[in-house]
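All ligand and atom numbering here is 1-based and tracks the order in the structure.
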Amino acid sequence: MRGWGYRSFRPLQREAAEAALAGRDSLVVLPTGGGKSLCYQLPAALGRGLVLVVSPLIALMDDQVAAAREAGLKADALHSNLEADHRGEACRRLISGETELLYVSPERLLAGDLVEDIAPRLVLAAVDEAHCVSHWGHDFRPEYRRLAEVFGRFPKAARMALTATATPGVQDDISAQLCLRDPLVLVGHPDRPNLVYRAFPRRDQAGQVLDVVRRHPGRGGIVYAQTRKDVERLAAGLASAGVSCAAYHAGLPAAERRRVQEGFVGERLDVVVATIAFGMGIDRPDVRFVVHANTPRSVEHYQQESGRAGRDGEPAECVLLFAASDLAGHRWLARKDADLAPERERALDRQLREIGRYAVAPVCRHRLLAEHFGALYSDPAVGAAAPEGGCGACDVCLGETRDLPPGEVLLTAKKILSAAWRAEGRYGTGYVVRLLSGKADERLTRNGHDKLQVFGILKEAGEAALCSWVDQLIVQGFLDVDEGEYPLLRITEAGKALCRDEGSVRLGAVVPRAPRKKRAGTFVKAAAAADPDEELFERLRRLRRLVAERTGVPPYVVFHDTALSEMAALKPRTPDELRSVKGVGDRKLDRYGPAFLRVIAGESPESAA
Ligand code: ADP
Ligand code: ZN
């Protein structure tokens, strides 16, 4: 694997590449950062013919091509956004048989005119983001449904479908829709051990977001929010706190969106606050945190979006700020846009329940995610069953979120449920919380509810805890929120049963403040032999940015953080020593080695570049 500078295969990479070389179809499910590109790049590097990669991410293609070329591959891309002269060049190389790896958008392939040039030399047709072919997944793309037609015209080429997130149902659907022929199914473990997951009740959105951003000063991160207004407000808040950041959403002019995207990838911008429109085209591997300021639509969406953190394998943090009102919002939006068929409606309800459960259940979040995708959670280091004392990498296992003491759980739940019961489903969460905390406003007094027994019955808990408990009871099905102009809180049959001591309930205690500084942020450094020299690391980053600007590629195409961090630890002095750093292939050594060695030897990045 000289061209890449890797020392060994990651799980399932070898199996996938070998299947392709043997002409066998395969379905590859590897988590983000698992190294899917190598599965099809390696067959392309062996010179037996052309490898085609269908990808919906046009914005990403040029960077993918640049990265493949850095590894020594003859790679090109064809899509509608290409300038004419680039397109001409790429077509010429394709026809002359030089091209080893060709990225195409589905639209471009479906246009049909490429088929004749591709067919004779094609050994592998790979489909990236293959979940887009399935209605059951997220990001459904109608064009993907027609890919099998085109593939029918390359009967001899192997097919490879790749995706990061697919439940067993979605996997079956992918196989069927792409007409995979007796595919080798390779499903990697979905867990991302380098990510620390945290989910907290949302109380002070802007403040909680700022807390996370402050744990990673000067580093790349993404903040997702629901609406354009939220995005603008949060971005303004961060900017006024001195954070290098920008807003990104579909309502901005294309030029501004491009500026933000390029600024982020080029490391001139640290934080992007965005709606989910941002991210599909972002391949920056050193994103150190992803914060969801609102609850995402499903666990699949969450896995996909939070998965953009830490693709380089270094520690990174994913934080979700949860409020049950977000779920009602998603339901409302889905209904507004379309008349949902009953089965879609049920699927939507299930998805919302699952993401809600993920966010509020005081259970190890690595475990919940693994189980959602049909895997058992085990200690990745030893391969043993669930690690003693938890994963050490989520708010629950780190002790930041705790269960209420057993003696208090049922009693607390019953008090809240009785208040909702007494309010007869005619009031919202805010009203019930005021009732429980004994804060009489005019409406409450007018209704005589300040005379109820439940008035002020949970005064000491505080409103933040009460709101969170109400959310937790909603997610567990004991309370329900009626939709409509004003969401009304209602007790369910299960809730009434719980009041008669039938059933069981869990409530997480609300710990006053976000995680202590020392535990959070950048955790134990990877198992490098020595500690990286922080000051040198920052100088190497600066050099990387300068080199990237000069050569017109994103910084990560030059070197990854992992490589820089290893350089900063080992301080190589000769090209040979530098060659032993992971991620330094022959080509990169030639092109960039001298400048990096000079900076390691003490020269300033500005003069070495
Ligand atoms: P995915 O598409 O699955 O998210 P990529 O193919 O982009 O993952 O790879 C993620 C990162 O892992 C890349 O930066 C890549 O350079 C690195 N990588 C891939 N395979 C290996 C390997 N065998 N050894 C070390 N690093 C690898
Ligand atoms: Zn855990």
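Taking 4.0 Å as the cut-off between side-chain N and carboxylate O, R14 and E18 count as a salt-bridged pair. The residues D286 and R219 are annotated as not salt-bridged, no charged nitrogen and carboxylate oxygen being separated by less than 4.0 angstrom. R288 has a carboxylate O that lies under 4.0 Å from a charged side-chain N of D312, or vice versa, which qualifies the two as a salt bridge. Between R357 and E354 no salt bridge is recorded (no basic side-chain N to carboxylate O distance below 4.0 Å). Using a 4.0 Å cut-off between charged side-chain N and carboxylate O, R141 and E129 make no salt bridge. With salt bridges taken as basic N to acidic carboxylate O contacts below 4.0 Å, one links D586 and R579. Ion pairing of D395 with R365 is present here, as a side-chain N (NZ or NE/NH1/NH2) and a carboxylate O approach within less than 4.0 Å. Salt-bridge check for K582 with E566: failed, with every basic side-chain N at 4.0 Å or more from each acidic carboxylate O. With respect to the salt-bridge test (charged N to carboxylate O, under 4.0 angstrom), the residues K588 and E70 do not qualify.
Within the protein, the number of N/O/S atoms found under 2.8 Å from the Zn ion (ligand 2) is 4.
When each atom of ligand 1 is checked for a heavy atom of S8 under 4.0 Å away, the hits are 22 (C), 23 (N), 24 (N). Every atom of ligand 1 with a heavy atom of T32 under 4.0 Å away is listed here by number and element: 4 (O). Heavy-atom contacts of H560 reach the following atoms of ligand 1: 13 (C), 14 (O), 16 (O) (cutoff under 4.0 Å).
Ligand 1 does not have A67 within reach: every non-hydrogen atom of the residue lies 4.0 Å or more from it. Note on ligand 1: L30 sits outside its first shell, no heavy atom being nearer than 4.0 Å.
Any N or O atom pair closer than 3.5 Å counts here, and G35 shares at least one such pair with ligand 1.
The aromatic rings of H366 and Y197 lie perpendicular to each other, with more than 60° between the two planes, well past the 30° mark.
Contacts between P285 and ligand 1 below 4.0 angstrom, taking non-hydrogen atoms only, are absent altogether. Contacts between Q13 and ligand 1, counted as non-hydrogen atom pairs separated by less than 4.0 Å, involve the side chain only. Contacts between P31 and ligand 1 below 4.0 angstrom, taking non-hydrogen atoms only, involve the backbone exclusively.
Comparing P11, G34, S37, G5 against atom 5 (P) of ligand 1, the shortest heavy-atom distance belongs to S37. Of the candidates Y6, F9, Y556, it is Y6 that places a heavy atom closest to atom 24 (N) of ligand 1.
Side-chain contact of E300 with H372: a donor-acceptor pair under 3.5 Å is present, judged by distance alone.
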